[in-house]
Protein chains: 2
Amino acid sequence: MRIGELAQAAGTTAKTLRFYEDQGLLLPAARTASGYRDYGPETLARLDFIHRGQAAALTLAQIRQILQIRDSGTAPCEHVRELLGMRLAEVDEQIAELGRLRETIAQLRAAAEDVEPETCQAGAVCVYL
Amino acid sequence: MRIGELAQAAGTTAKTLRFYEDQGLLLPAARTASGYRDYGPETLARLDFIHRGQAAALTLAQIRQILQIRDSGTAPCEHVRELLGMRLAEVDEQIAELGRLRETIAQLRAAAEDVEPETCQAGAVCVYL
DNA sequence: CTTGACCTTCCAGTGTAGTGGAAGGTTGAG
DNA sequence: CTCAACCTTCCACTACACTGGAAGGTCAAG
């Protein structure tokens, strides 16, 4: 399987696959006599895993960690559970923070409704913010 | 007022103020005979405005737009209302997206609880993700 | 034999909001 | 006069996940 074919099958680009190899997410591929990368079908499963990790908002660095544990012959389950727990806590924190931001913005916008431009003071740039 | 003094008064650094000038957020400062930047007190109000904009999660590019409207002599109220409305919609979208992500991760983590590592298949990298 | 689609490497840039550091000039106190 | 603390410009770098493009090699069809 050549790189373009694999990229299409995985829904990504050849450029990205080379990048992943460079970043240690894909193992260095076998090469044909002429130097083309030659992938086995198992690489597609690996790319699917990477995509699932991204769907769970893991960073490429975190996904690489899991992959390296797997590549070393150990089952990465423990680590995956840990990462998912961490991500869950982070996402909860992000949601809470965005909720606070939403309140701030909503109040500012409410205050900015139905006010006349004449009340604007040049020194303050804008009284509504 | 020299740059370090202003930076301290505004709760930021001289480096950042030069960066802001470079980005068009601060007007080029007057200079002393020896080339030092010399700020008037009105710059502090401008920096406060920038900080309020950042607290509302406006980007520096958006804050610059408002500042340029103000600098052109027009009251930026209309534009500020528009930007705040946009930010509100964006934040709502982000919150919704994070909520969906939270569900995805929570389900994955729940499935990963109390399962034995033996069930892991090498080909799939990790069955829980 | 040529054409076009594919592949290779390597270097550079995207956007965000700064930060770090080098090399050199200025200011004010002792 | 010297010294520290300040200032100047300029260039590079951070994290993140790619993307663009140049220069050149390979493969299959016509």
Side-chain angles (χ1 to χ4, degrees), chain A residues 1-26 28-39 43 46-67 83 86-87 90-91 94 97-98 101, chain B residues 1-26 28-39 43 46-67 83 86-87 90-91 94 97-98 101:
Chain A
M1 215 182 195
R2 298 203 304 197
I3 196 168
E5 210 179 333
L6 176 62
Q8 197 169 10
T12 183
T13 66
K15 209 103 192 170
T16 298
L17 298 190
R18 287 189 206 101
F19 172 73
Y20 283 174
E21 181 179 311
D22 203 54
Q23 298 295 300
L25 290 152
L26 293 182
R31 299 294 180 125
T32 67
S34 57
Y36 284 17
R37 283 177 184 80
D38 187 19
Y39 292 100
T43 311
R46 199 175 172 104
L47 283 171
D48 283 346
F49 173 78
I50 293 172
H51 290 330
R52 288 199 302 280
Q54 288 195 302
L58 298 180
T59 65
L60 290 188
Q62 291 173 321
I63 295 170
R64 180 177 49 225
Q65 275 179 23
I66 301 173
L67 256 7
L83 282 177
M86 277 174 47
R87 273 309 293 149
E90 282 168 24
V91 168
Q94 280 176 51
E97 215 169 292
L98 277 177
L101 177 60
Chain B
M1 212 183 199
R2 298 204 304 197
I3 196 168
E5 210 179 334
L6 176 62
Q8 197 168 11
T12 183
T13 67
K15 210 103 192 171
T16 298
L17 298 188
R18 288 189 205 101
F19 171 73
Y20 283 174
E21 181 180 311
D22 203 55
Q23 298 295 300
L25 289 153
L26 293 182
R31 300 292 182 126
T32 66
S34 58
Y36 285 15
R37 284 177 183 79
D38 187 18
Y39 292 100
T43 311
R46 198 174 172 103
L47 282 171
D48 284 346
F49 173 78
I50 293 172
H51 291 328
R52 289 199 303 282
Q54 288 195 304
L58 297 180
T59 65
L60 292 187
Q62 290 174 322
I63 295 170
R64 179 176 52 223
Q65 275 180 23
I66 300 172
L67 256 7
L83 281 176
M86 273 173 49
R87 273 310 291 150
E90 282 167 23
V91 168
Q94 280 175 51
E97 215 169 294
L98 277 177
L101 177 60

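Below, read A as the first sequence line, B as the second, and so on, with proteins coming before strands; counting in each chain starts at 1.
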Q. Atom CG of B:Leu6 and atom CG of B:Leu26: how far apart are they, to the nearest 0.5 Å?
A. 7.5 Å
Q | Nearest-nucleotide comparison on DNA chain C, the residue closer to the 5′ end among B:Leu58 and B:Lys15 | A | B:Leu58
Q. Given atom CD of A:Glu21 and atom P of D:dC18, what is their separation to the nearest angstrom?
A. 16 Å
Q. In whole Å, what is the span from the CG atom of B:Leu6 to the C1' atom of D:dC7?
A. 14 Å
Q. What integer distance in Å separates A:Asp38:CG from C:dC7:P?
A. 12 Å
**Q.** Residue met sooner reading DNA chain D from 5', once A:Thr32 and B:Gly35 are mapped to nucleotides
**A.** B:Gly35
Q | CD (B:Gln23) with more than 12 external heavy atoms under 6.0 Å | A | yes
Q) According to a strict under-4.0 Å criterion, is B:Ser34 in side-chain N/O contact with OP1 or OP2 of C:dT27? A) yes
Q.
Counting only side-chain nitrogens and oxygens, does A:Arg37 get under 4.0 Å of the OP1 or OP2 atom of C:dC7?
A. no
Q: Any chance you could measure A:Asp22, atom CG, to A:Thr16, atom OG1, to the nearest 0.5 Å?
A: 12.0 Å
Q) For the side chain of A:Phe19, counting heavy atoms from C-beta on, which of C:dT8, D:dC18, D:dC6 is nearest? A) D:dC18
Q. Just checking A:Gln54: base, sugar-phosphate only, or nothing, at a heavy-atom cut-off of under 4.0 Å?
A. sugar-phosphate
Q.
The side chain of A:Arg18 is closest to which nucleotide in this list: C:dC6, C:dT9, C:dA17?
A. C:dT9
Q.
From CG of B:Asp22 over to P of C:dT16, roughly how many Å is that when rounded to an integer?
A. 15 Å
(Q) Just the rounded figure in Å: distance from P of D:dC7 to CE of B:Met1. (A) 12 Å
Q. In terms of the nearest nucleotide of DNA chain C, which residue is placed more toward the 5' end: B:Thr59 or B:Tyr36?
A. B:Thr59
(Q) Any side-chain N or O of A:Thr13 below 4.0 angstrom from OP1/OP2 of D:dT19? (A) yes
(Q) If you compare every side-chain N and O of A:Tyr20 against the phosphate oxygens of D:dA17 (OP1, OP2), does one of them come in below 4.0 Å? (A) no
Q) Taking only N and O in the side chain of A:Arg31, is any of them less than 4.0 Å away from OP1 or OP2 of C:dT9? A) yes
Q. Think B:Thr16 has a side-chain N or O under 4.0 angstrom from the OP1 or OP2 of C:dA17?
A. no
Q: Take the protein atom CD1 of A:Ile3 and the nucleotide atom P of C:dC6, then report the distance between them rounded to whole Å.
A: 13 Å
Q.
Can you measure B:Arg2 atom CZ to D:dC6 atom P for me and round it to whole angstrom units?
A. 8 Å
(Q) Distance check, rounded to the nearest 0.5 Å: A:Leu83 atom CG versus A:Leu58 atom CG? (A) 6.0 Å
Q. So, B:Arg87 and B:Glu90, do they make that salt bridge, N to O below 4.0 Å?
A. yes
(Q) Just the rounded figure in Å: distance from C1' of D:dC18 to CD1 of A:Ile50. (A) 14 Å
